[in-house]
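Every value quoted in this text rests on a predicted model; they were computed, and no experiment measured them. Per chain, numbering begins at 1; letters A, B, ... match sequence-line order.
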Amino acid sequence: MHEKFLKPYDSSATEPGIYAMWEESGYFNPDNLPAELLAQMEGKPYTVVMPPPNANGDLHAGHALGVTLQDIFTRMKRMQGYRALWIPGADHAGFETQVVYEKKLEKEGRSRFGMEPKELYAEILAFTLANKATMQNQVRSLGASCDWSREKFTLDPELVTKVQKTFVKMFEDGLVYRGARTVNWCPKHQTSLSDIETDSVEETSPFYTFKYGPFDIGTVRPETKFGDKYVVMHPDDTRYAEYKHGQTLELEWINGPITATVIKDNAVEMEFGTGAMTITPWHSQIDFEIAKRHGLDMEQIIDWRGKLLPIAGEFEGMKIAEARGKIVEKLKEKGLLVSVDDSYKNVVKKCYKCQSMIEPQVKDQWFVSMAPLANMAVTAVNKGDVRFFPEHEEKIFRHWMENTLDWNISRQIVWGIPIPAWFKDGESVASLESPGEGWEQDTDTFDTWFSSGQWPLLTTGYPDGDDFPTYYPTAVMETGRDIIFFWVARMIIFGLYLTDQVPFPTVYLHGLVNDANGKKMSKSKGNVINPLTLTDKYGTDALRMALVVGNTPGTDLALREDKVKGYKHFANKLWNIARFILENTQDADLAATRTEADEALIAELAVLADDVTLDLENYRVHLAAEKLYHYAWHRLADEILEESKPLIFAEDVEVAAARKATLRSLLTTLLPLLHPMMPFVTEEIWQNIPESTGYLMTTPWPSKTSSHANT
RNA sequence: GCGCGAUUAGCUCAGUUGGUUAGAGCAAUCCGUUUACACCGGAAAGGUCGGGGGUUCGAGUCCCUCAUCGCGCACCA
């Protein structure tokens, strides 16, 4: 008996050594797993791809939950005899990282706009690589049994080329196109964003009604109205029957007389406002669509910085917020203001990072044609090729897929993978190499999700890597519920498009990890819980259990420190269970004949082992963890050990011997079952059991209940 | 507007295909220092499972409806 058992379990003294031991064993790499272990499953692969953390900051509690769940899945499968591969990586996280870095620059009194693109890129790269290294160590400290030898980074040159090739292929297949369309422009970040990178926020804004010749037209954006020379109404609107489509009218407007043209279009809601509206095709999606249908002129009113252009006359150069009131004032003076409704509620789009108002702008960008791809994805889900945990996420997925619009993948930022596209005389071509003389390369980079969407392919070596045939498709995608559209949807699309196979048959979505009061953690609220502070204080096993027990897929979790503390106590309880058993069974004959009561105890745990195995197989991790906790503490410790005391100290040598052997067996069965959730303390105890050999992490799983591999 | 959740003990949550007296952790109460563990043990307490209706031999669980809270999506200017 080692003397460390005489003291309470000390996680901080134990964990680094255990992790180093695992890493040195090489068993995180499935190529090195012992043949006799793999023989159980005839070498079947089991692959999990780690959602690559954004290499722009520290690991947060959500990462800790994800890493814990993925490690639980991987460790169990490894023990079951699968060639278990969990691939780590890091994401350059284009826009997100650039935003983080810009904030850093701001603090230093610098700005990206004064910098050479190459210089900025080099700085962000250095920043990212430093973060990446830190985060890897943080992932290690959570006990992650991932194969570091296969680690990938989205900016690895080989990966960059693969991502670019996908784009070229999509271009050739007609699935991406270059088009001037309305995009979500962030005036602060000076880039366009995809639809899901904006937040729709309901606001109360004044709704103005102005006289526009014989019409009353409504707007919340007077500052865009300079170029409005079309007045649109529904063709069936009897109030305006006297006006004919295409008819022109002379009327007085903001900066003088203009010629307006009547347009009839079904997009106009007759019941809304007066049923007549003017349009600003350059700065409104719906107006753009109308203009396109009728071949109308489009003119930019607001520049890329959010200031009015010369068309605004005396208002040129003003910011929107400043100009709006002044324009209304002028229209009022001219007698053109009919009414103002101050209680009008409308939905405005904001940049999801800086909350600036998104300015719709018409811009040439690369778009992915989503309809055919989304259709493939929905078909696959309908066929049951992808299952969601929790189940209802499937509905959310389908709803989004069926309604999604084309995806703008061009970003006007340096931090990203360059789009391999070339322009000449209004022509656009996708190609890794220049098509020839006079072609200019696209300066934009990809939406970061264009590359991370291919992550299961990139990490397994698509298309010709050695791992690809073995480890793709993967077994399960475990990630945060909040990125189902950003990421999960895109991975399914790219997987189907490039390989005709879904990248994973199972999607497990965890909820948010909130603070103790259930509030979302945020730096501004100051309620961020750093998972590493908790592991330092209570141990990694304790944090892992606290994240997993009672936490069903898809449900948000309130992370309370006392819960973590409770599982620290549990780790100590295990420690003492082990101490008691090992201390009192040193002389045990492990082959002693068991009594009926002993057989019953063995059978009871075997039933639990099967039960827990099924729970884990079916992603009921919360149940498995709780059942094992309950068994260890309230059954084994509170009852079985107490009942055993009189027996093992009794005079009846045979009964004592039988019980001692039984207790040892219970311990060596329980430890593997708990190992996926609490890898450190279980491994540490295992190393001190006389009859144990090798590592707990590669000890066969104590239940042969059915299980499944990658497919 | 469309869609998705949630509502169970003081708090945080489980309750897997409907099946005995609805569970856990934490908190609170009482007792206990017994040959692992006070980071402990024992005991007791605590819920008309949001309201209403329905299906069923039987409903926390299925259906309808209402209420409250939360989330997602959205091109009515």
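- Side-chain atoms of A:Arg544 and A:Met678, non-hydrogen and from C-beta on, never get closer than 4.5 Å to each other.
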Counting primed atoms, P, OP1 and OP2 as sugar-phosphate and everything else as base, the B/S/- map of nucleotides 21-26 of chain B against protein heavy atoms under 4.0 Å is ---SSS

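- Counting to the nearest Å, the P atom of B:C40 and the NZ atom of A:Lys7 are 20 Å from each other.
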In 5'-to-3' order, the base (B), backbone-only (S) or no-contact (-) status of each nucleotide in nucleotides 71-77 of chain B, using a 4.0 angstrom heavy-atom cut-off, is -S-BBBB

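- Annotation: B:C64 and B:A59 have their C1' atoms spaced 15 Å apart (nearest Å).
- Across all strands shown, A:Thr182 has no heavy atoms under 4.0 Å from either base or sugar-phosphate atoms.
- Distances shorter than 4.0 Å separate some side-chain N or O of A:Thr555 from OP1 or OP2 on B:A14.
- With contacts defined as side-chain heavy-atom distances shorter than 4.5 Å, the pair A:Asn346/A:Phe207 does not qualify.
- With both ends at atom C1', the span from B:C4 to B:G19 equals 30 Å, rounded to whole Å.
- Mapped onto RNA chain B by nearest heavy atom, A:Gly550 and A:Lys395 fall at different nucleotides, with A:Lys395 at the one closer to the 5' end.
- Between B:C26 and B:C39, the distance separating the two C1' atoms is 15 Å to the nearest Å.
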Given protein heavy atoms under 4.0 Å, the one-letter contact record of nucleotides 30-36 of chain B, with B base, S sugar-phosphate only and - none, is simply ------B

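- B:C69 and B:G51 are spaced 15 Å apart, taking the C1' atom of each and rounding to whole Å.
- Taking atom CG on A:Leu543 and atom C1' on B:C39, their separation rounds to 17 Å, with Å as the unit.
- The stretch residues 223-235 of chain A participates, sequence neighbours left out, in these salt bridge (Lys or Arg N to Asp or Glu O under 4.0 Å) pairs: A:Arg221-A:Glu223, A:Glu223-A:Arg324, A:Lys225-A:Asp228, A:Lys229-A:Asp297.
- Scored by the ring pair (Phe, Tyr, Trp, His ring centres under 6.0 Å) test, A:Trp185 finds A:Trp304 as partners (sequence neighbours excluded).
- Here B:U17 presents its C1' atom at 14 Å from CG of A:Leu614, a figure rounded to the nearest Å.
- Here the separation of B:C37 from B:G32, taken at their C1' atoms, is 15 Å to the nearest Å.
- To the nearest whole angstrom, the two C1' atoms, one in B:A14 and one in B:A9, are 13 Å apart.
- Between A:Leu559 atom CG and B:C13 atom P the separation is 11 Å, expressed in whole Å.
- By the salt bridge (charged side-chain N to carboxylate O under 4.0 Å, His left out) test, A:Glu15 pairs with no residue at all, sequence neighbours left out.
- At whole-Å resolution of the value, CD in A:Glu393 and C1' in B:G5 are 9 Å apart.
- For RNA chain B, each stem of at least three Watson-Crick or G-U pairs (distances under 3.5 Å) is given as range with range: B:1-7 with B:67-73, B:10-13 with B:23-26, B:29-32 with B:40-43, B:50-54 with B:62-66.
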Indicate every side-chain donor-acceptor pair of residues 269-276 of chain A with a distance under 3.5 Å to a residue at least two apart or in another chain.
from	atom 1	to	atom 2	distance (Å)
A:Thr274	OG1	A:Asp216	O	2.4
A:Thr274	OG1	A:Ala276	N	3.3
A:Thr274	OG1	A:Ala276	O	3.4

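- Side-chain contact annotation: A:Glu684 with A:Thr14, donor-acceptor N/O pair under 3.5 Å absent.
- A distance of about 29 Å separates the C1' atoms of B:C30 and B:C49, rounded to the whole Å.
- In this structure, the side chains of A:Ile529 and A:Glu561 stay at 4.5 Å or more apart for every pair of heavy atoms.
- A salt bridge (Lys or Arg N to Asp or Glu O under 4.0 Å) check over residues 625-645 of chain A, counting only residues at least two apart or in different chains, returns the pairs A:Glu604-A:Arg635, A:Asp611-A:Lys627, A:Asp615-A:Lys627, A:Arg635-A:Glu639, A:Glu642-A:Lys645.
- Between A:Met677 and the options A:Leu616, A:Asp541, A:Leu69, a side-chain contact (heavy atoms from CB on, under 4.5 Å) holds for only A:Leu616.
- Computed from coordinates, the A:Asn514 CG to B:C11 P distance equals 18 Å when rounded to whole Å.
- Ring orientation note: the planes of A:Tyr212 and A:Trp253 are nearly perpendicular, at an angle over 60° on the 30°/60° scale.
- Sorted by first and then second residue, the salt bridge (Lys or Arg N to Asp or Glu O under 4.0 Å) pairs with a member in residues 275-286 of chain A form an empty list; sequence neighbours excluded.
- When heavy atoms are screened at a 4.0 angstrom cut-off, A:Thr552 is found touching the sugar-phosphate backbone but no base atom.
- Atom P of nucleotide B:C2 and atom CE of A:Met401 are separated by 24 Å, given to the nearest angstrom.
- Annotation: side chain to side chain donor-acceptor pair (under 3.5 Å) contacts of A:Lys660 (sequence neighbours excluded): A:Asp587.
- Not a single donor-acceptor pair under 3.5 Å links the side chain of A:Ser665 to the backbone N or O of A:Ala661.
- Nucleotides B:C63 and B:G23, compared at atom C1', are 27 Å apart to the nearest Å.
- One atom, CZ of A:Phe389, and another, P of B:C4, lie 20 Å apart when rounded to the nearest Å.
- The stretch residues 513-522 of chain A participates, sequence neighbours left out, in no salt bridge (Lys or Arg N to Asp or Glu O under 4.0 Å) pair at all.
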